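To keep things clear, I will list the structure first and then write my remarks on it.
These numbers were taken from a predicted model, which means no experiment stands behind them. Because only heavy atoms are used, hydrogens play no part in the values below, and waters and symmetry mates are left out as well, while side chains stay in. So you know, we letter chains A, B, ... as the sequences are listed, proteins then strands, and number each from 1.
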Amino acid sequence: MTERRTKEIFQPLNPPYVGMYVCGPTVYGDAHLGHARAAITFDIVFRYLTYLGYKVRYVRNITDVGHLTDEVAGEGEDRIAKKAKLERLEPMEVVQRYTNNYHRDMDQLNVWRPSIEPRASGHISEQIELVQRILNEGFAYESHGSVYFDIPRYNQQHRYGKLSGRNIDDMLANTREDLSGQQEKRNPLDFALWKKAQPEHLMHWPSPWGNGFPGWHLECSAMSSKYLGKQFDIHGGGMDLTFPHHECEIAQSEAGNHVEPVRYWMHNNLITINGQKMGRSLGNFINLNEIFTGDHKLLLHAYTPMTVRFFVLQAHYRSTLDFSNEALIAARKAYKRLINGLRIAKRLEFKDTQAAEDTQAKEEIRKLAGACQIAMDDDFNTAVVIANLFNLLKFVNKIHTDALASAALGEESFQLLIQTTVEFTENVLGLKEEQPDALDQLVNALLELYTDAKHNKAYDKVDQIRARLKEVGILVKDMRNGIEWAYEE
RNA sequence: GGUCACGUGGCCGAGCGGCUAGGCAGAGGUCUGCAAAACCUCGUACAGCGGUUCAAAUCCGCUCGUGACCUCCA
């Protein structure tokens, strides 16, 4: 919980319903690794709460207006409009293109789509209403056709800065002198609720204060309260949004709705590249489609979406995660190991043979299965879940290679083993096989030939088939109890 | 300058007072026509210096180092 810097027991306002709002992308460019981390982090929250039986309404917005290139001076260009001019497109064309790309990338990462995905431009009237309410409460003022939030006024009754732990009195005292374009604001900390549209602006709407467009922070307050109520359970986003974006959201809601909007704030940490923050302004960001194709100067290889997902999940969401080829290569191998185990687990059947009961194994499986749940309950600790899954996998593999008889576990423990492995890997962590089923059938057909050749001791043929499959990333496995295949690592 | 994080074995990365994290890489072994996979065994890690405690990677203090936020970014 960001505001109190603590872990807290989750208690929904209206169980079994849960309302969750997460800040989505500003669609003026392709999604990068950072977007992936945020989306995956809250996908895990969405999945796990759903897994626990909650009825989750997950709202994640698309910012398609109002996000300026220079928020502090309030003078910047709208990001979407700038891109539209640059590419000679309609602003909504830009929005649609990058929204589509975002969906494409997130789908590949196996991120569930939210329940509602509202756009800022589709909720102008709600935003105008909210501005009006804040004005009526006296926490905002109109100036030259724009409306600004009055921070000093608000701070007399509330605490602006409580989420990010900032002392606003200090900030007010340390006002910067050198900012231009501040004349409209009474105080540099005041932020825009509604901006007057300059003649060159492409996107604008009529309002009681003239033609203009909403401030960036406004959309989240307006849309979250519309779909989740004035107070809701979880609000998520990247750590970099804590201040000022989420701070402003709190202020807007408290000023306009008289209620603290969010019960639990959750912020995911950022991805670093060689120890440095990744960001557009630093020019070191990597787009997801570049990762998937390997087309980037920092990349030694292409990495699949599931490799990226696994990489993200191996660290706790509140830790920084450093990107490197070494780390991605390690994640790729680990993912393949896990997914090969998953394939086996899904096909494994209980065999009721004569076998001495292995109480130690039973006990360990029981513990590990429980530990998966406990780890998720403890602030979504996916890293620990993965560690437990690898330990469970050892049993799956032992049964598979007949090093352990399934009967020795008893049906109940066996089912617990399989069920935990499959459910947590697929449903909770959202890791899946990346190869389509058709592949399975094709390879099996080839393996029949392989088996025949082997019976005939035609080893040159055998080697040839194996080499051919290896070329396409399929590994043939000759085992004591049969022949099968796995993805090559 | 202000605020706040973090420094874990060759690498990534959990843990946050006592109980094996896990993965990758590496070494040895079992199995095997070969090769791989799988399984078993192996690393005496917690920036440094003090302190608290029966017990500290885990709490406190100092030092050093890295990073983030304070301006748009997930």
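Contacts of A/M278 with the nucleic acid, taken as non-hydrogen atoms under 4.0 Å apart, include base atoms. Across all strands, A/K394 comes closer than 4.0 Å only to sugar-phosphate atoms, never to a base (heavy-atom distances). Using a 4.0 Å heavy-atom distance criterion, A/S319 is classed as a sugar-phosphate-only contact. At a threshold of 4.0 angstrom between heavy atoms, the contacts of A/L270 include nucleobase atoms, whether or not backbone atoms are also involved. Counting any heavy atom pair closer than 4.0 Å across all strands shown, A/I271 reaches a base atom. Across all strands, A/H400 comes closer than 4.0 Å to no nucleic acid atom at all (heavy-atom distances). Across all strands shown, A/G34 has heavy atoms under 4.0 Å from base atoms, whether or not it also approaches the sugar-phosphate. Among the atoms of the strands shown, none is found under 4.0 Å from any heavy atom of A/A486. A/A383 comes within 4.0 angstrom of a base, heavy atoms only. Residue A/Y459 is classed as a base contact, given a heavy-atom separation below 4.0 Å to a base.
Close to B/C31, at under 4.0 Å from its OP1 or OP2, lies no side-chain N or O of A/K477. Considering only side-chain N and O atoms, A/N381 lies under 4.0 angstrom from the phosphate OP1 or OP2 of B/G15. Close to B/C39, at under 4.0 Å from its OP1 or OP2, lies a side-chain N or O of A/N397.
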In dot-bracket form, how is RNA chain B paired, counting a Watson-Crick or G-U wobble pair only if both its distances are under 3.5 Å and using | for bases paired to another strand?
(((((((..(((.....[...))).(((((.......)))))....(((((..]....))))))))))))....
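A donor-acceptor contact under 3.5 angstrom links the side chains of A/Y450 and A/D478, judged on distance only.
The stretch residues 333-345 of chain A touches RNA chain B through A/K333, A/A334, A/R337, each having a heavy atom within less than 4.0 Å of the strand.
Contact annotation: side chain of A/R466 to base of B/C34, donor-acceptor pair present below 3.5 Å. Counting distance only, with no hydrogens placed and no angle test, the side-chain atoms of A/D463 and the base atoms of B/C34 include no donor-acceptor pair under 3.5 Å.
Annotation: A/R468, atom CZ; neighbour count of heavy atoms from other residues, nucleotides and ligands within 6.0 Å does not exceed 12.
Look at CD1 on A/I374: it is 20 Å from P on B/A14, rounded to the nearest Å.
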